[in-house]
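Here is the structure we will look at.
The first residue in the sequence is number 1, and the count goes up from there.
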Amino acid sequence: MVSQAVHDFSGIFAPRLGGRLITAAGALAHYAPKEAYHDTQPPEMVVQPTSIEEVQDIVRHAARLGITLVGWGAGTSLEGNAAATRGGIAVDFSLMNKITEVSGEDLLCVVEPGVTREQLNADLRDSGLFFPVDPGANATLGGMISTRASGTTTVRYGSMRDNVLALKVVLPDGRLIKTGTRARKSAAGYDLTHLFTGSEGTLGLIVEATLRLHPRPEATLAAIWDFSSEQGAIDTVAMAIQCGITPARMEFLDRSAVDACNRMSALGLPDRPMLFLEFHGSSAEVDAQLAMVEGIGRDLGGGNLQYAKTEEDRNRLWRARHQALPAARALRVGSVAWVTDICVPISKLGGAMAHARGLIDAAGLVAPMLGHVGDGNFHVFFILDPKAPDEWSRASAVNKAMIEYAIAAGGTSTGEHGIGLGKRQALLDEHGSDAVALMRTIKQAIDPMNIMNPGKIFMDGEE
């Protein structure tokens with residue numbers, strides 16, 4: 001049922017947007033978050049702008065009519081970040097997908113929010129540059145900025161926070177602001193760029209981004225390594241980081257994740273925990289880094305170390321890591337994956353993962369674990385029967401206990417996925433009521449009508 005306000009909005013914009021204004025129920029169904037475990041609904045309407053001016057016009061009229069707005073990228077939204085919990089309009093940025101500038105001299109690019117990371121790197125292929133942030137999915141850069149995404153390469157190249165230089169943002173009243181500059185640093189006023197980076201669309205709509213690029217390494221070396229124990233693999237990671245080794249990637253799959261990959265694709269991997277490594281630099285540098293890590297891990301239960309330098313062979317070695325989520329889902333036909341994450345200081349990683357595995361096993365759940373362990377972040381894939389509420393209750397209890405452990409260890413309730421709907425209480429537990437009250441004050445100052453992605457980050461009634 002479309003509200004009167006949305007009906008009035010349609011009367012204004014249908015002649016202007018034509019097929020870029022979507023109201024058909026079948027089409028709207030695609031705009032419920034794709035990977036969220038929450039009970040979500042599609043928006044009442046979707047609009048697909050093609051310019052900043054159109055976004056401003058859409059926002060101005062939505063504000064006048066009191067219509068809520070949700071920015072939409074690829075829609076992964078693991079914590080329901082892009083769910084239209086109060087109906088309204090989803091602003092789909094898929095048609096704002098131009099790379100407007102690449103500056104090799106300044107190592108930066110300017111992109112519209114609908115550009116995906118794979119699209120950007122394909123465009124950069126012959127430039128000698130690349131954009132490093134890799135959350136695993138082919139996410140849009142606007143969405144990655146909104147959730148302050150990170151991923152497999154964070155240990156060396158940082159997260160979106162470290163790779164966003166400047167933004168253009170449409171505020172809830174339709175004004176356009178510019179934050180940041182093309183310079184690598186600034187001491188001019190409040191850091192608005194990083195206020196909007198990670199705000200999950202609750203403060204405005206990002207319509208352009210200036211991003212940092214990096215030179216492609218001379219050589220890339222990938223390796224996989226099985227270990228006799230999870231603890232040995234994690235200790236190898238921690239000691240390598242503490243010794244100043246800076247791999248491009250350090251990924252971990254526990255036994256259950258390795259087993260899932262073997263079952264789905266017959267990879268023939270040892271039935272042991274696995275580290276997946278990647279090093280960037282000169283040929284001599286990557287060889288030296290691998291030798292240093294090998295020297296650490298041999299005494300901690302490291303088994304058969306396989307490595308490769310050609311792209312084809314590297315992809316073969318990394319196949320299990322890239323297949324981990326679909327392989328986990330395939331463990332139970334008709335199952336649903338609830339994907340959660342926490343992040344802890346690197347010294348606490350082994351304890352946090354052992355604690356999580358103990359909780360999972362005690363609860364009788366199917367839940368492979370993997371992690372971007374070089375930065376202390378790991379994920380749990382709860383593989384649940386959608387018709388078994390008791391399983392979901394047990395998973396919820398494990399998730400809560402994992403978060404409590406992370407916060408007590410000086411870590412965070414979410415390293416990558418954001419707060420969205422699912423971790424609003426965790427935000428209060430992590431930061432305390434006074435800090436969250438300050439966040440709410442910022443939200444109210446910028447969006448007094450609460451039309452920008454309402455219901456996210458803060459508990460109901462606290463926006």
Item to check | Test side-chain contact (heavy atoms from CB on, under 4.5 Å) applied to L349 and F378, step by step | outcome: CA-CA 9 Å; L349 180 60; F378 70 94; 3.8 Å; yes
Let me have the donor-acceptor pairs involving side chains of residues 427-437, under 3.5 Å, with sequence neighbours excluded, atom names and distances please.
unit_1: D429; atom_1: OD1; unit_2: Q425; atom_2: NE2; d: 3.0
unit_1: E430; atom_1: OE1; unit_2: T412; atom_2: OG1; d: 3.1
unit_1: E430; atom_1: OE1; unit_2: S413; atom_2: N; d: 2.8
unit_1: E430; atom_1: OE1; unit_2: S413; atom_2: OG; d: 2.9
unit_1: E430; atom_1: OE2; unit_2: T412; atom_2: OG1; d: 2.9

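- Between the side chains of E44 and S3, at least one donor-acceptor pair of N or O atoms lies under 3.5 Å.
- Note on E101 versus R182: salt bridge recorded, some NZ/NE/NH1/NH2 to OD/OE distance being below 4.0 Å.
- How far CD of Q48 is from CG of L95: 4.5 Å, rounded to the nearest 0.5 Å.
- Ring geometry for H379 versus F381: interplanar angle of 30 to 60°, hence tilted.
- There is a side-chain donor-acceptor pair under 3.5 Å between S265 and Q323.
- Nearest heavy-atom pair, P454 versus T68, reported as atom, atom and distance to 0.1 Å: CG-CG2, 3.6 Å.
- Remark: side-chain polar atoms of R20 are not paired, donor with acceptor, to backbone N or O of V47 under 3.5 angstrom.
- In this structure, the side chain of Q119 does not engage the main chain of V115 through any donor-acceptor pair within 3.5 Å.
- Counting only distance, with no hydrogens or angles, the side chain of T147 and the backbone of G143 share a donor-acceptor pair below 3.5 Å.
- Dense packing is recorded around CZ of R212, with more than 12 heavy atoms of other residues, nucleotides or ligands lying under 6.0 Å away.
- Ring centroid separation for the pair Y157 and F130 comes in under the 6.0 Å cut-off.
- Going from atom CD1 of I145 over to atom CD of E208 covers 10.0 Å, rounded to the nearest 0.5 Å.
- Not one N or O on the side chain of D8 forms a donor-acceptor pair closer than 3.5 Å with the backbone of L65.
- Between the side chain of S103 and the main chain of L107, no donor-acceptor pair closer than 3.5 Å is present.
- Closest of all the heavy-atom pairs between K443 and T202 is NZ-O, 2.7 Å.
- Salt bridge K456/E200: absent, no basic N to carboxylate O contact under 4.0 Å.
- Under a 3.5 Å cut-off, the side chain of N399 and the backbone N or O of T340 do not form any donor-acceptor pair.
- Minimum interatomic distance between L171 and V59 (heavy atoms only, all atoms of both residues): O-CG1, 3.3 Å.
- A side-chain donor from one of S256 and R357 sits under 3.5 Å from a side-chain acceptor of the other.
- Here F276 and W318 bring their ring centres to under 6.0 angstrom of each other.
- Of the possible donor and acceptor atoms, one in the side chain of S127 sits under 3.5 Å from a partner among the backbone N and O of L129.
- N138 contributes a side-chain N or O that, together with a main-chain N or O of E118, makes up a donor-acceptor pair within less than 3.5 Å.
- A 6.0 Å sphere centred on CZ of R216 holds more than 12 heavy atoms belonging to other residues, nucleotides or ligands.
- To the nearest 0.5 Å, the span separating OG on S396 from CG on L384 amounts to 10.5 Å.
- From T23, atom OG1 reaches atom NE2 of H7 across 10.0 Å, with rounding to the nearest 0.5 Å.
- In this structure, the side chain of E278 does not engage the main chain of R249 through any donor-acceptor pair within 3.5 Å.
- At a threshold of 4.5 Å between non-hydrogen side-chain atoms, the residues Y31 and W72 count as touching.
- Ion pairing between a basic and an acidic side chain is recognised when a charged N comes within 4.0 Å of a carboxylate O; D259 and R255 show no such pairing.
- Only one option out of Y37, W392, W338 pairs with F382 in a ring pair (Phe, Tyr, Trp, His ring centres under 6.0 Å); it is W338.
- Atom-to-atom distance recorded for I206:CD1 and L141:CG is 10.5 Å, nearest 0.5 angstrom.
- Side-chain contact between V373 and I234: present, with at least one pair of heavy atoms (C-beta onward) separated by less than 4.5 Å.
- With 3.5 Å as the limit, one finds a donor-acceptor pair spanning the side chains of E416 and H372.
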Next on the checklist: Pair M96, S51 - check side-chain contact (heavy atoms from CB on, under 4.5 Å), show working.
Outcome noted: CA-CA 7 Å; M96 291 182 67; S51 69; 5.6 Å; no
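- Taking CD1 from I58 and CD1 from I12, the interatomic distance works out to 11.5 Å, rounded to the nearest 0.5 Å.
- Note on R60 versus D173: no salt bridge recorded, every NZ/NE/NH1/NH2 to OD/OE distance being 4.0 Å or above.
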Checklist entry - After noting the C-alpha distance and the side-chain angles of I407 and I403, does the key distance pass the side-chain contact (heavy atoms from CB on, under 4.5 Å) rule? => result CA-CA 6 Å; I407 294 171; I403 291 169; 3.7 Å; yes
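- Looking only at side-chain heavy atoms (C-beta outward), T414 and E79 stay at 4.5 Å or farther from each other.
- Annotation for I383 and A337: closest pair CD1-CB, 4.0 Å, computed over non-hydrogen atoms.
- The two residues P42 and L28 make their nearest non-hydrogen contact at CB-O, 3.1 Å.
- Across all non-hydrogen atoms, the minimal contact from G415 to D341 is N-OD2, 2.8 Å.
- No salt bridge links R184 with D106; every basic N to acidic carboxylate O contact stays at or beyond 4.0 Å.
- Ring-plane geometry between H355 and Y405 is classed as parallel, the angle between the planes falling under 30 degrees on a 0 to 90 degree scale with a further cut at 60.
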Checklist entry - Going through the checks in order, is the salt bridge (Lys or Arg N to Asp or Glu O under 4.0 Å) test met by E112 and K168? => result CA-CA 10 Å; E112 292 183 331; K168 289 184 180 179; over 6 Å; no
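- Atom CZ of R16 sits in a crowded spot, with more than 12 heavy atoms from other residues, nucleotides or ligands closer than 6.0 Å.
- A donor-acceptor contact closer than 3.5 angstrom links the side chains of N163 and H214.
- Residues satisfying the side-chain contact (heavy atoms from CB on, under 4.5 Å) test with S159, not counting sequence neighbours, are S150, T154, R161, D162.
- Here F13 and H61 bring their ring centres to under 6.0 angstrom of each other.
- With hydrogens and angles ignored, the 3.5 Å screen pairs a side-chain donor or acceptor of S77 with a backbone N or O of A82.
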Checklist entry - Under the side-chain contact (heavy atoms from CB on, under 4.5 Å) criterion, do V339 and V380 qualify, and how do the steps go? => result CA-CA 6 Å; V339 184; V380 173; over 6 Å; no
